[in-house]
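Read through the structure below, which is laid out as structure tokens, and then see the notes.
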Amino acid sequence: MNKNIMSKLWLVLFCAQTLMAQTYTHPTVGVNSTYAGACMVSTCGGTYYDNGGAGGNYSANINNVYRTFCPSTAGMCVRANFTSFSMNDTYFLCFGPGSCCDYLTIRNGPYQNAPVLYNNCTSSPGTITANNTSGCLTFQFTSDGSVQLAGWAATLSCVACGVQQTGANGDCPNSTVICSNANIVTDSPGPGIISDGCGTCIEGGETYSNWFVFSPQTSGTIGFTLTPSLGGDDYDFAIYGPSATNCGSLGAPIRCSYSANAGATGLSGAAVDLSEGVGGDSYVAPLTVTAGQVYRLLVTHWSPPSGDYTITWNLSGGATLDCTPPLPIELTQFNCFSTENNEIELHWTTSSEINNDYFIIEKSLDGIQFEPLFRVEGHENSNETLEYIIADPNPHYGANYYRISQVDLDGKMEVFNTITCNYGDHLKVISEINVFDINGHLLLNQSTQTADFENVLQQINLQPGMYILYTTYEDGSTEMRKFVKI
């Protein structure tokens, strides 16, 4: 068992991480016939260079390739402070802004056609700060084949901007359970603060995204149609599974469509391909599923959403969907009792664990104000019954309150019910027991040397109802408890 003193435990839970600054360079080619050169990066620090890095020049013939940086903390916006800029290559026959042959475009948002904040080559952008709901900046670069210069260096940071909204399900760990036909209001503010959908057929990652989780209750075949309310909207999607319980290790999607077509998309029985790029027809093959599997569905919109969309399921072969979300743990037992070693032993049992990182055992003397006592490592993913046992070596005389907080691998926390364990009764010699009914009538008066109250109470024939147990100890202290006979 891993026992930590309180000060260290608070440090583990609440201290901010210090991360080494990252270095990013601009891509030179788009992937799979797109202009997206790299996946979106969630960061609030680092240095960003053209593809030549700190000491080299940028390359020739880069064709409008872009990459996006988004904040790694909600409520922040990315800021780029250009510390060097050398790109003054102009010629009257060049078609860039101000006759620039090579030029940088900085856009206010997470996608290729977001509003322009800077578009030039003759002067440095200086300091550029995102001002949109996503907090993201997108950088596009174009160069011809004539002159290549030193390019740029920019320091990336984040500032509180008061404009970024945190979408309810913009990141995989906040996936919404979906188990029936649904109308989705596309209020996504951007790609979230985690780069979840990177490296898939959705080459640039997410733009304006919703994440869902679904699980088959019975086996069969699952398809769906996503239909935008505005026919000109372009939606893309990726599906991960069949064991997508941990957002940190989704792997490659098993279905993916990045079609450039507007309108409906989804899983269709007429399709045979599993993944498609910009030239696809918007449909890929349905899923053959087994009961109990877990799938994640990423839906991302190419530009800021202007309407909503519906997801209509096509279930066949006996397949149905489970409306019970996969829980990090199923807690089947949590209790405590005093031991002969003058400790309180805590027992809890889980019947399954999904994405479970660790438990925090908290303690209170009044049932209101809790402090962390232990951290106990979980088993991440398990379908077996697991029993945990740990002892509080310093119980308080009288009532001790305990509760479990469970933290999954994505940082989400769930707090379970409080239990109470009385400590000290076994250390005291009982002198006298009195039992009263709720009206104060004395039903039993007995001297005893045992704390086995159940055995004592069997001596009188109590009817169902509430009673009062009044105990006097040899040291003169007293205790009153209410109990109910069922």
Side-chain angles (χ1 to χ4, degrees), residues 30-36 40 64 66 68 107-116 132-134 136 138 165 167-170 175-176 178-192 196-197 200-212 214 221-239 253 255-287 295-316 321:
V31 183
N32 291 343
S33 301
T34 71
Y35 292 104
M40 180 267 283
N64 208 29
Y66 74 91
T68 297
R107 296 184 177 273
N108 188 27
Y111 68 108
Q112 178 182 344
N113 297 325
V116 173
N132 61 83
T133 58
S134 70
C136 304
T138 294
Q165 307 165 27
N169 62 356
S175 298
T176 299
I178 186 169
C179 62
S180 60
N181 297 342
N183 178 254
I184 310 300
V185 178
T186 56
D187 58 353
S188 172
D196 303 286
T200 70
C201 80
I202 304 174
E203 298 298 348
E206 306 162 78
T207 47
Y208 294 88
S209 307
N210 301 119
W211 280 86
F212 304 94
F214 64 93
T221 301
I222 290 181
F224 71 85
T225 301
L226 186 155
T227 306
S229 60
L230 301 177
D233 280 348
D234 178 13
Y235 285 94
D236 305 302
F237 71 88
I239 297 177
R255 298 291 187 275
C256 191
S257 174
Y258 194 56
S259 169
N261 297 337
T265 185
L267 305 180
S268 169
V272 295
D273 54 334
L274 306 183
S275 181
E276 61 181 16
V278 292
D281 64 359
S282 299
Y283 288 94
V284 292
L287 294 169
Y295 296 87
R296 304 273 178 169
L297 168 62
L298 161 64
V299 176
T300 184
H301 192 248
W302 172 244
S303 57
S306 52
D308 54 5
Y309 60 89
T310 59
I311 294 180
T312 305
W313 296 96
N314 180 15
L315 308 177
S316 59
L321 292 175

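- Note: T68 OG1 to Q112 CD = 9.5 Å, rounded to the nearest 0.5 Å.
- Here the side chain of T138 pairs a donor or acceptor atom with the backbone of G109 at under 3.5 angstrom.
- Y258 is listed as a side-chain neighbour of T34, based on a closest heavy-atom distance under 4.5 Å.
- The structure places OH of Y66 at 8.5 Å from CG of N113, a figure rounded to the nearest 0.5 Å.
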Start with the C-alpha gap between F212 and V299, add the side-chain angles, then the distance that decides, and say whether side chain to side chain contact (heavy atoms under 4.5 Å, CB included) holds.
CA-CA 8 Å; F212 304 94; V299 176; 4.1 Å; yes

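- When side chains are defined from C-beta on, I239 does not count as touching P253, because their heavy atoms never get closer than 4.5 Å.
- In this structure, the side chain of R255 does not engage the main chain of S275 through any donor-acceptor pair within 3.5 Å.
- Minimum heavy-atom separation, P286 to S268: CD-O, 3.1 Å.
- In terms of heavy-atom proximity, L287 sits nearest to F214 at CD1-CZ, 4.1 Å.
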When you look at I222 and N314, which way does the side chain to side chain contact (heavy atoms under 4.5 Å, CB included) test go after all the steps?
CA-CA 6 Å; I222 290 181; N314 180 15; over 6 Å; no

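- Considering only heavy atoms from C-beta on, L321 comes within 4.5 Å of L315 through its side chain.
- Here Y35 pairs with nothing under the side-chain hydrogen bond (donor to acceptor under 3.5 Å, both in side chains) rule; sequence neighbours left out.
- With no hydrogens or angles considered, no side-chain donor-acceptor pair links S209 and S188 at under 3.5 Å.
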Side-chain polar contacts of residues 224-237 - donor-acceptor pairs under 3.5 angstrom, sequence neighbours left out - could you list them?
unit_1: S229; atom_1: OG; unit_2: D308; atom_2: N; d: 3.1
unit_1: S229; atom_1: OG; unit_2: D308; atom_2: O; d: 3.1
unit_1: S229; atom_1: OG; unit_2: D308; atom_2: OD1; d: 2.7

Please assess N210 against T176 for the test side chain to side chain contact (heavy atoms under 4.5 Å, CB included), listing each intermediate value before the final yes or no.
CA-CA 8 Å; N210 301 119; T176 299; over 6 Å; no

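- With rounding to the nearest 0.5 angstrom, the CH2 atom of W313 is 5.5 Å from the CD1 atom of I178.
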Given the rule in the side chain to side chain contact (heavy atoms under 4.5 Å, CB included) test, do L297 and W211 qualify, once you have shown the distances and angles that lead to the verdict?
CA-CA 6 Å; L297 168 62; W211 280 86; over 6 Å; no

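- Summarising the geometry of S175 relative to R296, their closest heavy-atom pair is OG-NH1, 2.9 Å, with the distance given to 0.1 Å.
- We find the CD1-OG1 distance between I184 and T310 to be 9.0 Å, quoted to the nearest 0.5 Å.
- S259 meets the side chain to side chain contact (heavy atoms under 4.5 Å, CB included) test with S257, N261, E276, S282; sequence neighbours excluded.
- Atoms OG and OH, on S134 and Y208 in that order, are 5.0 Å from each other to the nearest 0.5 Å.
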